[in-house]
Visitor: 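This structure is in structure tokens; I'll ask about it shortly.
Protein chains get the first letters and strands the later ones, always in sequence-line order, with residue 1 at the start of each.
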Number of protein chains: 2
Amino acid sequence: MRFMHDVKGENALPATVVFRLGTLGSIAADMFAAKIEAIGLKPKHAGLMTALQAGVAASQQELASKLGVAPSLVVMLADHLEGMGAVQRVRDPDDRRRQVLTLTDHGRKLLGDCAAAARELDAELTAGLTASQLGALQRSLAILAEGVGLPTG
Amino acid sequence: MRFMHDVKGENALPATVVFRLGTLGSIAADMFAAKIEAIGLKPKHAGLMTALQAGVAASQQELASKLGVAPSLVVMLADHLEGMGAVQRVRDPDDRRRQVLTLTDHGRKLLGDCAAAARELDAELTAGLTASQLGALQRSLAILAEGVGLPTG
DNA sequence: TATTGTTATACTCTATAACTATA
DNA sequence: TATAGTTATAGAGTATAACAATA
């Protein structure tokens, strides 16, 4: 006979995937934010540039939709990135209402710096995993990401 | 010869564990928040109750430390939980400055409801994984959680 | 004087709503 | 009239700082 709520067992809240993803994700996001703060970026800037790099969105409306944020937030993110020379805004000649964003060389370099920071954190975060565990984790996370239709990749 | 920044490859930002944990974690947290909103709770309330249940903290200061939030936030979370009869505040007779929080029966029931909600989301989220992939994922996440000294897990 | 809890205040983030330009 | 972008405003969430009670 077991406890109905199974407070310590594998059915308890802390053992669920959503709980662990939520808590680990929050910590991971904070670590990443701290790492890229030095180059003047926040995670959402990296997310926007990643969407541009992947070619899944170009106009600000498309970006807002893909990133799952309000259009007004894209304006501020793009302002910041344009101000530091990471992206360029060019009016779409076919529809002059649209601002098409493109990554500059500097933007690509910054995105590379973000990736390098992320890889350093990966090494730190996954130090306790064996190589095969790490591989399995990466594959599982990729499947989960695909399952929820992840905005930014 | 490869591109220096390897923008699409497995070294790129979207393929890192931190990036995927961050994005998936945010989605998971939102899903969980939406599920438990109906019972008047937010993820941080569940985290606080989980810490109480696990016995890793009792006073509000200890909770603030374990949860990684400001003491003033614990006051508000505890106010809310006390208001709905999920926790009790009792003064520590040995040190009357300390408020010791304890879960009530109703609090334990609510925590069980949170766990049930999380399990439902797990089923939905991990539908694309095989049983063995799921098991491997759970083990890996547990190791990562331990590695970062997770507050509430 | 130091510490726990509380209250008051301010800041960050983000969304909603109003506005401008273009279609 | 409808849409892309922008600006202005407002709300949620959380931290910092001041305060009260106890040690």
Side-chain angles (χ1 to χ4, degrees), chain A residues 22-23 25-30 32-34 36-37 40-48 51-52 56-83 87-102 151-152, chain B residues 22-23 25-30 32-34 36-37 40-48 51-52 56-83 87-102 151-152:
Chain A
T23 49
S26 169
I27 291 171
D30 288 347
F32 185 60
I36 64 175
E37 189 182 10
L41 296 176
K42 301 193 175 180
K44 287 221 157 49
H45 298 122
L48 191 158
L52 289 181
V56 297
S59 79
Q60 297 185 185
Q61 289 283 344
E62 289 162 1
L63 284 163
S65 166
K66 287 285 176 185
L67 297 173
V69 300
S72 56
L73 179 54
V74 174
V75 173
M76 291 199 304
L77 296 172
D79 281 352
H80 182 84
L81 290 170
E82 190 181 34
V87 305
Q88 278 185 327
R89 274 178 167 117
V90 294
R91 287 271 169 203
D92 182 346
D94 293 343
D95 183 346
R96 292 187 42 72
R97 291 173 306 182
R98 286 165 49 91
Q99 298 267 42
V100 174
L101 300 189
T102 55
T152 60
Chain B
T23 48
S26 169
I27 291 171
D30 288 348
F32 184 60
I36 64 175
E37 189 180 12
L41 297 176
K42 302 194 175 180
K44 288 224 156 47
H45 298 123
L48 192 157
L52 290 181
V56 297
S59 79
Q60 298 186 185
Q61 289 283 344
E62 288 162 2
L63 284 163
S65 166
K66 287 284 177 188
L67 297 174
V69 300
S72 56
L73 178 54
V74 174
V75 173
M76 291 199 305
L77 296 172
D79 281 352
H80 181 84
L81 290 169
E82 190 181 35
V87 305
Q88 278 185 327
R89 275 178 167 118
V90 295
R91 288 273 171 200
D92 181 346
D94 294 343
D95 182 346
R96 293 186 41 75
R97 292 172 306 183
R98 288 164 49 91
Q99 297 266 44
V100 174
L101 300 189
T102 55
T152 60

Visitor: Taking any atom under 4.0 angstrom from a heavy atom of chain B, which nucleotides of DNA chain C are the first and last to qualify, 5' to 3'?
Guide: dA2(C) to dT7(C)

Visitor: Answer whether the closest heavy-atom distance between the side chains of Leu63(B) and Val69(B) falls below 4.5 Å.
Guide: no

Visitor: Provide the full list of salt bridge (charged side-chain N to carboxylate O under 4.0 Å, His left out) pairs with a residue in residues 69-78 of chain B, sequence neighbours left out, each pair given once.
Guide: none

Visitor: Within this structure, what is the NE2-CG distance for the pair His45(B) and Leu77(B), rounded to the nearest 0.5 Å?
Guide: 4.5 Å

Visitor: I need the CD-P distance between Gln60(A) and dA4(D), as an integer number of Å.
Guide: 11 Å

Visitor: Using a 4.0 Å cut-off on protein heavy atoms (strictly under), produce a 5'-to-3' string for nucleotides 13-23 of chain D with B for base contact, S for backbone-only sugar-phosphate contact, and - for none.
Guide: SBBB-----BS

Visitor: Taking side chain as C-beta onward, heavy atoms only, is Leu81(B) less than 4.5 Å from Leu48(B)?
Guide: yes

Visitor: Which residues pass the side chain to side chain donor-acceptor pair (under 3.5 Å) test with Asp30(A), sequence neighbours left out?
Guide: none

Visitor: Can you sort out the partners of Glu37(B) under side chain to side chain donor-acceptor pair (under 3.5 Å), two or more places apart, ordered by chain and number?
Guide: none

Visitor: Would a 4.5 Å heavy-atom cut-off, applied to side chains only, mark Asp95(A) and Arg98(A) as touching?
Guide: yes

Visitor: Rounded to the nearest 0.5 Å, what's the gap from OG on Ser59(B) to CG on Asp92(B)? Could you check?
Guide: 9.0 Å

Visitor: For atom CZ of Arg96(B), decide whether the heavy atoms of other residues, nucleotides or ligands shown that lie under 6.0 angstrom number more than 12.
Guide: no

Visitor: Which heavy atom of Gln60(A) sits nearest a heavy atom of Arg89(A), and at what distance?
Guide: OE1-NE, 2.9 Å

Visitor: To the nearest 10 degrees, how far apart in direction are the end axes of the helix from dT1(C)-dA23(D) to dA23(C)-dT1(D), each fit to five base pairs?
Guide: 20°

Visitor: Between C1' on dA4(D) and CD on Glu62(A), what's the gap in Å once rounded to a whole number?
Guide: 11 Å

